Amino acid sequence: NRKYTIPHPQTLRIKIMKVKINDNYTYETDEQASIGDTAILPSPSYIPGPTTWEGKVTATESDYDGWCAKVIKIVKK
C-alpha cells in the first residue's frame, strides 16, 4: 500500500490569465504570456480546415468577461 499526499489547495495556485490575440480575440491561458509571444489556438469548429491557428499576444489583460476558449500553447518570442 502506498500513501499519497495531496497538496493543500492553497499551494496549487494556478493563475489563469486572459490574453488578447491580434488586438481582437480574448483567450484564457495558465501559461505565462508576454506581449509579442505567439499563441497556438483552437480553430472554431464551424470553420472548415485546420484545427489550430497562430496569433500574436497583443495584451496580457482583457476587460472581456464572457466565455473564453483556452490557448493550446504559448510560444515565447
Side-chain angles (χ1 to χ4, degrees):
N1 282 340
R2 292 185 183 193
K3 268 189 170 177
Y4 295 97
T5 303
I6 298 173
H8 191 275
Q10 289 181 345
T11 62
L12 296 175
R13 293 176 193 248
I14 298 173
K15 173 94 169 112
I16 302 295
M17 66 187 305
K18 289 186 177 180
V19 293
K20 226 172 191 185
I21 304 297
N22 298 346
D23 287 321
N24 197 16
Y25 308 102
T26 300
Y27 284 80
E28 289 183 342
T29 182
D30 57 1
E31 296 182 58
Q32 186 62 40
S34 301
I35 294 172
D37 289 346
T38 299
I40 309 298
L41 306 157
S43 294
S45 59
Y46 56 85
I47 298 177
T51 57
T52 62
W53 65 285
E54 292 183 6
K56 288 285 180 202
V57 176
T58 53
T60 55
E61 296 178 335
S62 175
D63 293 335
Y64 179 72
D65 63 355
W67 180 86
C68 295
K70 294 201 180 284
V71 171
I72 295 171
K73 178 80 179 150
I74 296 290
V75 180
K76 296 295 187 182
K77 63 176 179 177

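Just so you know, these numbers come straight off a predicted model, no measurement behind them. All residue numbers in this chain count up from 1 along the given sequence.
The shortest distance between side-chain heavy atoms of V19 and T26 does not fall below 4.5 Å. Looking at W53 and I47, their side chains never come closer than 4.5 Å, going by heavy atoms from C-beta outward.
In this structure, N24 places its CG atom where more than 12 heavy-atom neighbours from other residues, nucleotides or ligands lie under 6.0 Å away.
For S34, there are no side-chain hydrogen bond (donor to acceptor under 3.5 Å, both in side chains) partners at least two apart in sequence or on another chain. Residues forming a side-chain hydrogen bond (donor to acceptor under 3.5 Å, both in side chains) with T38 (at least two apart in sequence, or on another chain): K56.
Taking each heavy atom of G55 and I21 in turn, the nearest pair found is CA-CG2, 3.7 Å. The heavy-atom pair separating Q32 from M17 by the smallest distance is CA-SD, 4.3 Å.
The main-chain N or O of K20 is found under 3.5 Å from a side-chain atom of T58 such that the two form a donor-acceptor pair. For the pair D37 (side chain) and K77 (backbone), a donor-acceptor distance under 3.5 Å is present. A donor-acceptor contact shorter than 3.5 Å is absent between the side chain of S62 and the backbone of K18. Proximity of a side-chain donor or acceptor of K70 to a complementary backbone N or O of P42 within less than 3.5 Å is not detected.
With respect to E31, the side chain to side chain contact (heavy atoms under 4.5 Å, CB included) criterion is satisfied by exactly one of I74, V75, I16: I74.
When the side chains of ILVMFWY residues are joined at heavy-atom separations under 4.5 Å, either directly or via intervening members, Y25 and L41 end up in a single hydrophobic cluster.
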